[in-house]
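Structure first, then comments.
Just the heavy atoms: all of them, side chains too, but no hydrogens, waters or symmetry mates, feed the values below. Throughout, protein chains are lettered first and strands after them, A, B, ... in sequence-line order, and every chain is numbered starting at 1.
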Protein chains: 2
Amino acid sequence: MYAPSTRPVVLDPHGAANACTHCDARAHSVCNAVPDSDVARLAAIAVVTTAQPGTTLIQEGDPASHFVNISAGTVRMYKLLPDGRRQITGFAGVGHFLGLAVSSTYAFSAEAIDTVRYCRFSRARLHTLLDDYPAMEKRLLEIASTELVAAQDQMLLLGRKTARERLASFLMLQSRQGVMCQSPRGRFVLPMSRGDIADYLGLTIETVSRTITKLRSEGYIDVPSATEIAIKAPAALEGLALGNA
Amino acid sequence: MYAPSTRPVVLDPHGAANACTHCDARAHSVCNAVPDSDVARLAAIAVVTTAQPGTTLIQEGDPASHFVNISAGTVRMYKLLPDGRRQITGFAGVGHFLGLAVSSTYAFSAEAIDTVRYCRFSRARLHTLLDDYPAMEKRLLEIASTELVAAQDQMLLLGRKTARERLASFLMLQSRQGVMCQSPRGRFVLPMSRGDIADYLGLTIETVSRTITKLRSEGYIDVPSATEIAIKAPAALEGLALGNA
DNA sequence: CGGTCACTTGATCGTCTTCAATACCAGTGG
DNA sequence: CCACTGGTATTGAAGACGATCAAGTGACCG
């Protein structure tokens, strides 16, 4: 059904329509603004692609010719300074929509963290669709607003929180997002490396590692493996995230 | 023409229509999506208000019942931690639009820095207008996207730049925005206090003050008075902002 | 003038960074 | 089965940048 590699699968309208109808991301995404009956039109302009870990989906400064919708995996969005310092502005998982831009070029880069399946839409084609589905436009505004709220939270974190509070905030956020997919209560997998976490929280790898170790030794969390986290005291950790000592 | 105090001036359609037609903010704002001929409809739902310095226009957590459009003055948007730490997420000047929210409550607060004149629109009423003017909806999406790009830049600043680089970035940004209104080349007025700048850049008042002094003594800028800045070496300062030593 | 308030300047302190070494884990090949 | 390798994570010690605490300056205003 889906393309196993980077080969697009768009030319068979029925197959493609099914691809959209049964897409894991559809429920959480822009696409749900299009009714099932018309989903073929959406499918007709979507190019389904798979990206291996480390692949660049969007490159800062490139012409903003496409939108991207994630249907599996996790992506990191980031900006770089000329000397290589990196700030990760967010992680995008299933259902997330990338590529909103005012100017003609992308303002950030996006890379696959693990194996990522996604749909590419030509900007121009999606815009013509938008005229027929005002609900979709409203949905885009909703998405942009949500991102804006998240960005403001992140500014508060980066500007005013301590390393400890940043990690607490981050782990609580991940646990909330992980809950949808992961099974055991309060336990989840971090798809990103310590380096990614550091560049997301405005810290160094060492500080992230030390702080996680400390939170573990204090009984807030369990760390079964480097990529797994279990939150043992969610309320207390949420308190930490908000600055309660 | 405009209300001199907090008294709304909406009931005279012709007066109100003129208020919108000749509004300083119209050219830069959402309102330019509405044609001159229909501007009365916009004016009919706008409540023009004046806020004294320090007044709260929007309170984080309150029901998000209104949109706000600034027609004169400057506003600071911010978020607080329970213990009082503050992060200013942005400054909004003439033409800026506030109040985008997904949830039913505002995600941030907004206060007048100087005397601010603004229009309030009921969320519900503006939404009905939006159905008649899809261009206005597009404009809102554009605005949200622009804000998002600015937010990402600010995350890079807060997470990865030094105090020196933050001040350089901030001054360059202010000079760009000031250019529209201020007369002499590269010279402008900062409407906000050192404390506001500090809370915007994730620093303390002392560090802001010291860093400005240093930039002055190094010949990058002139500081005729505490609220005035003249940029003497724009290119070099832009370089600083991007990390060139 | 005396008061307040914002800003500036100075001295000390602490958190996080930097530099460096070690541990760990998965994969590969002897 | 175990040594070897490369990459990632952890831990340790020293250092730096910005925060904190504290005093001093200047402008505005009754």
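- Only B/Gly202, B/Leu203, listed by number, bring a heavy atom of residues 191-203 of chain B to less than 4.0 angstrom from any atom of DNA chain D.
- Within the structure, the side-chain hydrogen bond (donor to acceptor under 3.5 Å, both in side chains) test picks out the following pairs touching residues 86-102 of chain B (sequence neighbours left out): B/Arg86-B/Asp196, B/Arg86-B/Asp199.
- A salt bridge between B/Glu218 and B/Lys214 is present, with a side-chain N of the basic residue lying under 4.0 Å from a carboxylate O of the acidic one.
- In this structure, the separation between OH on A/Tyr106 and CD1 on A/Ile58 is 5.0 Å, given to the nearest 0.5 Å.
- Counted by atom type alone, A/Tyr78 and A/Glu60 present zero donor-acceptor pairs between their side chains at under 3.5 Å.
- Side-chain atoms of B/Thr207 never come within 3.5 Å of backbone atoms of B/Leu203 as a donor-acceptor pair (strictly under, hydrogens ignored).
- Contacts between residues 204-213 of chain A and DNA chain C, defined by a heavy-atom separation under 4.0 Å, are made by A/Thr204, A/Glu206, A/Thr207, A/Arg210.
- A/Arg176 has a carboxylate O that lies under 4.0 Å from a charged side-chain N of A/Glu238, or vice versa, which qualifies the two as a salt bridge.
- Within residues 156-170 of chain A, the residues having any heavy atom under 4.0 Å from DNA chain C are, by residue number, A/Thr162, A/Ala163.
- No donor-acceptor contact under 3.5 angstrom links the side chains of A/Lys79 and A/Ser109, judged on distance only.
- Put simply, the side chain of A/Gln154 gets close to the backbone of A/Tyr200: a donor and an acceptor are under 3.5 Å apart.
- The stretch residues 237-245 of chain B has no heavy atom under 4.0 Å from DNA chain D, so no residue of it qualifies as close.
- Here D/dT20 presents its C1' atom at 14 Å from CZ of B/Arg85, a figure rounded to the nearest Å.
- Looking at heavy atoms from C-beta onward, B/Tyr220 lies in side-chain contact with B/Leu240 at the 4.5 angstrom threshold.
- Under the 3.5 Å distance criterion, the side-chain polar atoms of B/Arg216 are left unmatched by any main-chain donor or acceptor of B/Asp222.
- A/Ser29 and A/Asn69 form a side-chain donor-acceptor contact under 3.5 Å, judged by distance and modelled atom types alone.
- The two residues B/Phe121 and B/Ala46 make their nearest non-hydrogen contact at CE2-CB, 3.6 Å.
- Once you apply a 4.0 Å limit to the heavy atoms of chain B, the touched nucleotides of DNA chain C run 5' to 3' over C/dC7 to C/dA11.
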